[in-house]
> 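Shown below is the structure under consideration.
Below, all heavy atoms of this structure are taken into account, side chains as well, without hydrogens, waters or symmetry copies.
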Amino acid sequence: MKINVAIADDQKLFRKGMMALVNSFDDVEIIFEAENGKQLIELLAAESNDIHVILLDLSMPEMNGLEALKIIKQSQPGIGIIILTIHEAEHHILSTIQAGANGYLAKNAEPEEVEKAIREVFKNDFYFTLPMLEIMRKGLIKKPLAASLDENESPLTPREKEVLQLICKQYSSAEIAEKLFLSARTVEGHRNNLLLKTGSRNTAGLVLYALKYKLIELDHFNH
């Protein structure tokens, strides 16, 4: 299946270069480009083609990436959004994930990483590099997210924790079902319960939750 991508970045040279790169990937195509968040929102509303993934810059005039992210996640929550930025500060990462971002990609990333990020967000709903996960973990230690439960408690059942750990390892619902001898429908039920119980917007939010409550170690994120 072809992955339809949109990009929003006010730096024309970077945007055009990224478009050329992404269009070189098999079965991946940039459908449209925008130079700020406002234009992106307008194009999304008018565009007839389904967009699967958006590459979104944070620092843009008229409407920045965070503002655009919040609006898109309200109207079209199923679109995967990868934040493209030079800002790797903890507060930037945590605030965008809390707002619904599905991944984070540094602007100096290697072409192979750009392709992997797009495919992982399309397939598994999130993409983070290990260095990015470490930044997130440190940010959560310094300034934990507001929570209603004690660090040593969890509203999750043992099975839900097990499913969450496999989600963090980037297993699909079908793979989790096979591994735990469950039906795919049951796994989706557990995933929905996880989102509700943790107050997460998407899988990236579940990863943040798992990091915060130490339900998984960083070296478990790849299988």
Side-chain angles (χ1 to χ4, degrees), residues 44 50-54 56 65-83 90-104 117 120-128 132-133 135-137 139-218 220-223:
L44 277 174
D50 287 334
I51 297 297
H52 303 120
V53 178
I54 296 174
L56 182 62
L66 182 57
E67 291 172 311
L69 168 65
K70 291 176 180 177
I71 292 171
I72 294 166
K73 285 297 178 177
Q74 286 290 329
S75 60
Q76 301 182 67
I79 296 178
I81 298 182
I82 300 171
I83 300 297
E90 295 148 2
H91 70 276
H92 279 296
I93 297 172
L94 297 179
S95 62
T96 52
I97 295 167
Q98 286 177 280
N102 302 79
Y104 219 89
E120 288 291 341
V121 166
F122 178 71
K123 178 186 175 186
N124 296 323
D125 200 35
F126 81 97
Y127 174 77
F128 299 113
M132 205 67 74
L133 287 164
I135 292 171
M136 289 160 57
R137 188 185 67 81
L140 290 168
I141 291 171
K142 289 180 182 177
K143 189 178 180 181
L145 300 175
S148 59
L149 58 125
D150 184 84
E151 288 287 336
N152 297 317
E153 298 175 354
S154 173
L156 308 183
T157 65
R159 176 63 89 187
E160 286 167 346
K161 288 180 182 178
E162 198 171 12
V163 170
L164 177 57
Q165 289 166 345
L166 291 173
I167 288 172
C168 289
K169 292 180 182 180
Q170 298 179 316
Y171 284 97
S172 67
S173 291
E175 290 169 333
I176 294 171
E178 183 178 356
K179 197 169 184 65
L180 299 181
F181 304 102
L182 301 171
S183 69
R185 188 172 180 177
T186 299
V187 172
E188 283 302 312
H190 285 310
R191 186 187 292 268
N192 290 334
N193 285 338
L194 285 166
L195 291 170
L196 287 171
K197 286 186 176 183
T198 64
S200 301
R201 289 177 176 268
N202 52 29
T203 308
L206 292 178
V207 173
L208 205 61
Y209 181 94
L211 278 176
K212 178 183 177 180
Y213 290 104
K214 301 175 183 176
L215 298 176
I216 194 162
E217 297 298 325
L218 291 184
H220 291 165
F221 276 85
N222 292 299
H223 71 275

> How many angstroms lie between atom CD1 of Ile83 and atom CG of Leu66, to the nearest 0.5 angstrom?
7.5 Å
> So, using salt bridge (charged side-chain N to carboxylate O under 4.0 Å, His left out) as the criterion, who are the partners of Glu160 when residues are at least two apart?
Lys197
> Can a donor-acceptor pair be found between the side chains of Lys73 and Asn102 at a distance below 3.5 Å?
yes
> Taking side chain as C-beta onward, heavy atoms only, is Leu206 less than 4.5 Å from Thr198?
yes
> Let me confirm one number: the NE2-CG distance from His190 to Leu194, rounded to the nearest 0.5 Å.
8.5 Å
> Evaluate the side-chain proximity of Leu208 to Leu94: yes if any heavy-atom separation is below 4.5 Å, no if none is.
yes
> Indicate yes or no: at least one non-hydrogen side-chain atom of Val187 is less than 4.5 angstrom from one of Tyr171.
no
> Can you tell me how far CD1 of Ile82 sits from CZ of Phe128, rounded to the nearest 0.5 angstrom?
10.0 Å
> Listing request: all salt bridge (charged side-chain N to carboxylate O under 4.0 Å, His left out) pairs with a residue in residues 178-189, at least two apart in sequence or in separate chains.
Glu188-Arg191
> So which atom in Lys70 and which in Ala99 form the shortest heavy-atom distance, rounded to 0.1 Å?
CG-CB, 4.0 Å
> Tell me if a side-chain donor or acceptor on Gln165 pairs with a main-chain N or O of Ile216 at a distance below 3.5 Å.
no
> Does a side-chain heavy-atom distance below 4.5 Å link Leu166 with Leu180?
yes
> Kindly compute the distance separating OG (Ser95) from CD1 (Ile97), expressed to the nearest 0.5 Å.
8.5 Å
> Could you tell me which non-hydrogen atom of Tyr127 sits nearest to which non-hydrogen atom of Ala117, and how far apart they are?
CD2-CB, 3.4 Å
> Taking the side chain as C-beta and beyond, is there a heavy-atom pair between Asn193 and Thr157 under 4.5 Å?
no
> Are any of the side-chain heavy atoms of Thr96 and Leu56 separated by less than 4.5 Å?
no
